[in-house]
Number of protein chains: 2
Amino acid sequence: MDRETTRSGATLQDVAREAGVSLATASRVLNGSTRTVNDKYRRLVVDAAARLDYSPNLSAQATARGMTTTVALLVADIADPYFSSIADGVVSEADREGLIVQIAATGPEPARELELVRTLRGQRPRVMILAASRHSTHAAPALSDELASFEANGGRVAIVGGNELPFRTLPVDNAAGADALARALATLGYRRFAMIAGDEGLTTSDDRLRGFAAGLEGSGLTLDSERVVRSDFTRDGGYEGMRRLVEAGLDDIELVFAANDVMAVGALAALRDAGFEPGRDLAIAGFDDIPTVRDVTPALTTVRIPLDEVGRRALRLALDDFEPATTAAVPTAVVLRGSTPAISALTPRPPSGP
Amino acid sequence: MDRETTRSGATLQDVAREAGVSLATASRVLNGSTRTVNDKYRRLVVDAAARLDYSPNLSAQATARGMTTTVALLVADIADPYFSSIADGVVSEADREGLIVQIAATGPEPARELELVRTLRGQRPRVMILAASRHSTHAAPALSDELASFEANGGRVAIVGGNELPFRTLPVDNAAGADALARALATLGYRRFAMIAGDEGLTTSDDRLRGFAAGLEGSGLTLDSERVVRSDFTRDGGYEGMRRLVEAGLDDIELVFAANDVMAVGALAALRDAGFEPGRDLAIAGFDDIPTVRDVTPALTTVRIPLDEVGRRALRLALDDFEPATTAAVPTAVVLRGSTPAISALTPRPPSGP
DNA sequence: TTGACGCTGGAAAGCGCTATCCATCGTACC
DNA sequence: GGTACGATGGATAGCGCTTTCCAGCGTCAA
């Protein structure tokens with residue numbers, strides 16, 4: 001009845017005693033080792049462990065081994081479907097590897113990324129995956145230092161989508177995807193575009209903007225820089241961006257490209273609230289192909305990124321020992337849906353020009 | 001140039017040596033303690049730590065203290081907005097407390113919940129939050145045992161929404177919310193209902209079904225049990241459920257209540273694919289008020305649960321030392337939107353009856 | 001001047017586990 | 001029959017950190 005009696009919280013020591021073997025043997029049986037253990041002892045240990053409801057203390061293992069079984073994942077906002085889909089991929093792959101995922105969110109301030117990396121480093125995770133949309137210049141050197149010293153101590157780093165930091169990176173070809181989208185839209189007959197982009201310096205957004213403009217030029221068209229509005233990289237940012245476009249006059253715009261799907265969804269709402277019908281009065285396209293966009297009306301044209309695959313591959317990239325050759329970029333694919341009908345289906349609105 | 005030269009990975013020992021103080025003093029300065037340290041030494045230590053870029057090894061702290069700084073969160077599917085919104089709340093509140101969140105996902109098989117709890121227990125988290133929709137009977141005793149022994153060792157448990165397990169529970173009044181919804185819909189003039197529910201035994205779904213039926217009865221109406229179809233608790237499950245309802249004939253149905261929003265969104269799609277216009281030919285309502293449902297067309301009537309607040313409160317519930325009195329349930333609120341217009345706006349379809 | 005006492009550093013004993021090293025034993029080989 | 005060697009169990013020295021416990025010292029009251 002003393003407090004030792006409360007079962008569980010059993011330690012390996014307890015198991016060894018119960019089984020009548022040494023600590024070392026118990027450890028070898030229960031927690032893997034190169035050494036083999038005689039079946040007689042093995043059975044004793046396993047039974048004792050079961051009887052005591054033993055569960056290894058991962059923290060202790062970690063300090064002893066100097067290595068954890070955790071994966072740290074850094075995202076901007078876990079409630080955003082883009083990130084939660086990636087997280088899903090990371091979690092499921094980690095699960096296959098017997099690893100546990102720790103999630104941290106930077107929230108709207110990118111500066112927190114550095115701080116969080118620092119905190120997470122304390123956990124000595126096996127892998128650190130940075131998926132938070134990073135700003136190009138910001139605290140890059142400090143962040144880079146932090147990550148370098150993490151790697152110097154045996155940690156693995158994988159970065160999703162960026163490509164200016166000297167770490168294993170899973171390229172997402174944002175520029176190429178946006179380029180392909182632009183060409184596809186040109187083929188549909190669209191000629192006059194506007195874009196709702198994220199803040200300048202947000203690499204994801206910048207790449208998509210650049211790619212889109214390039215794709216248009218490749219089709220003999222242009223994206224007037226006056227027609228690019230900047231806004232938060234969120235649903236409400238998209239709403240606000242579209243609001244501003246409407247305010248400035250939509251007359252010479254046929255299609256609005258939002259730098260990501262959540263923004264596009266916000267734009268859709270803003271357009272409707274302004275009395276226009278998306279997909280009829282104005283076409284809209286997004287980027288990412290988050291699950292939601294199949295279900296809005298009209299369904300949204302977008303560039304598909306296989307997000308859960310991104311999560312899985314990011315983890316693999318960090319984990320695997322591989323030739324340091326460039327990793328193949330995640331394939332993107334244009335998905336045309338109802339929000340960008342053939343131009344002929346659009347209510348004709350005369351360009352403002354002569 | 002020897003491998004000791006690679007800076008970082010500095011240990012507390014290193015800091016102490018560098019500062020010329022004892023290990024104990026360094027520990028007291030850097031990692032909190034009741035003991036005060038002379039300012040002279042304090043400064044020495046802090047400076048040394050900064051110089052060496054020291055970052056405490058949380059695993060080691062955990063084994064020494066017998067207590068971690070992590071929160072384990074168990075969800076069914078992190079890509080589902082319901083769960084990711086809750087996760088968001090947990091993560092942000094944990095952040096305020098200096099805790100780190102570990103996420104595990106059971107996926108479609110509820111049986112994995114037990115297995116995951118067992119694994120997570122190995123981490124000795126400070127708190128374990130179970131948000132995965134639990135099935136009523138399933139492995140309840142085994143799970144209960146596991147959680148009990150976790151608590152016996154100082155862990156804290158919080159369960160979201162369920163209420164049959166003997167642990168701290170954050171009640172979500174699914175039944176009352178569904179009841180209120182039913183009454184609101186009755187007030188709008190609806191008389192003939194169907195429901196797309198989750199599998200029997202899934203408590204969340206069962207409670208909502210029960211509450212909805214009760215609310216209708218309170219309004220002098222009934223929910224014909226033949227009009228309740230069961231399906232997966234997912235978007236595709238909702239699609240499938242609606243498909244079956246359409247197949248069985250919609251003639252005497254005015255409104256379909258889906259047991260959660262993602263199902264409702266799937267139902268919306270199925271309805272459209274079958275050639276009907278939701279909100280005109282048939283009304284639809286969901287439950288949860290995930291962000292998406294504002295943006296589908298028509299916007300979805302639902303019962304709002306403040307999901308991020310649920311996450312935050314679940315963590316607080318686990319963390320706080322409080323009177324073991326019942327915790328106030330999370331308030332739910334009916335939100336009427338375009339998917340359930342006043343009945344007069346619905347295309348009249350004669351009931352199949354006489 | 002002498003204790004008693006509060007304050008603060010340091011030594012060292014763990015926390016639960018791993019991994020190295022040593023001891024023992026059985027077997028194969030000449 | 002003796003030796004070398006592979007197998008396998010046990011003792012034990014850590015892993016990085018916390019937290020007693022003890023010692024030294026300055027202070028204050030008697």
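A, B, ... follow the sequence lines: proteins, then strands. Residue 1 opens every chain. Hydrogens, waters and symmetry mates are skipped; everything else that's a heavy atom, side chains included, is used.
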Any donor-acceptor N/O pair, Asn153(A) side chain to Phe150(A) backbone, under 3.5 Å: no

Which nucleotide wins on minimum distance to the side chain of Gln61(B), given the candidates dT18(D), dT18(C), dT8(C)? dT18(D)

List in chain and number order the residues that pass salt bridge (Lys or Arg N to Asp or Glu O under 4.0 Å) with Asp77(B), two or more places apart in sequence or in another chain; answer none if no residue qualifies. none

Between Arg43(B) (CZ) and dG9(C) (P), how many Å, whole number? 14 Å

Of Val21(B) and Arg65(B), whose closest DNA chain C nucleotide lies nearer the 5' terminus? Val21(B)

Nearest whole angstrom, please: distance from the C1' of dT8(D) to the NZ of Lys40(A). 11 Å

What integer distance in Å separates Arg124(B):CZ from dC17(C):C1'? 11 Å

Closest of dA19(C), dG9(D), dT18(D) to the Asn31(B) side chain is dT18(D)

Using a 3.5 Å distance criterion without hydrogens, assess whether the side chain of Thr169(A) forms a donor-acceptor pair with backbone atoms of Phe167(A). yes

Partner set under side-chain contact (heavy atoms from CB on, under 4.5 Å) for Pro56(B), not counting sequence neighbours: Asn31(B), Tyr54(B), Leu58(B), Gln61(B)

Reckon Thr11(A) touches a base, only the sugar-phosphate, or nothing at all at heavy-atom distances under 4.0 Å? sugar-phosphate

Would you indicate which nucleotide in dG10(C), dG10(D), dC17(C) comes nearest to any side-chain atom of Ser22(A)? dG10(D)

Just to confirm, is there a sub-4.0 Å distance from OP1 or OP2 of dC7(C) to any side-chain nitrogen or oxygen of Tyr41(B)? no

What is the distance, to the nearest angstrom, from the CE atom on Met67(A) to the P atom on dT18(C)? 14 Å

How long is the line joining CG of Leu23(A) and P of dA19(C), in whole Å? 12 Å

Using a heavy-atom cut-off of 4.0 Å across all strands, would you classify Thr63(B) as base, sugar-phosphate, or nothing? base

Residue that, paired with Ser55(B), satisfies side chain to side chain contact (heavy atoms under 4.5 Å, CB included) out of Gln123(A), Arg121(A), Arg118(A): Arg121(A)

What is the distance, to the nearest angstrom, from the CG atom on Leu12(B) to the P atom on dG10(C)? 13 Å

Phosphate OP1/OP2 of dT18(D): any Ser27(B) side-chain N/O under 4.0 Å: yes

To the nearest Å, give me how far apart CG (Asn57(A)) and P (dC15(C)) are. 12 Å

Taking for Gln13(B) and for Val37(A) the nucleotide of DNA chain D with the nearest heavy atom, the one nearer the 5' end belongs to Val37(A)

Anything under 3.5 Å between a protein N or O and an N or O of nucleotides 21-23 of chain D, put it in a table, one pair a line.
unit_1: dC21(D); atom_1: N4; unit_2: Arg35(B); atom_2: NH1; d: 3.3

Any donor-acceptor pair under 3.5 Å from Ser22(A) side chain to Thr25(A) backbone: yes

Give a yes or no answer on whether the side chain of Thr68(B) reaches the backbone of Arg124(B) with a donor-acceptor pair at less than 3.5 Å. yes

Quick one: label Thr36(A) by what it contacts on the DNA or RNA (base, sugar-phosphate, nothing), any heavy atom closer than 4.0 Å. sugar-phosphate

Ser27(B) side chain to Leu23(B) main-chain N or O, any donor-acceptor pair under 3.5 Å? no

Arg17(A) CZ to dG16(C) P, in whole Å, measures 11 Å

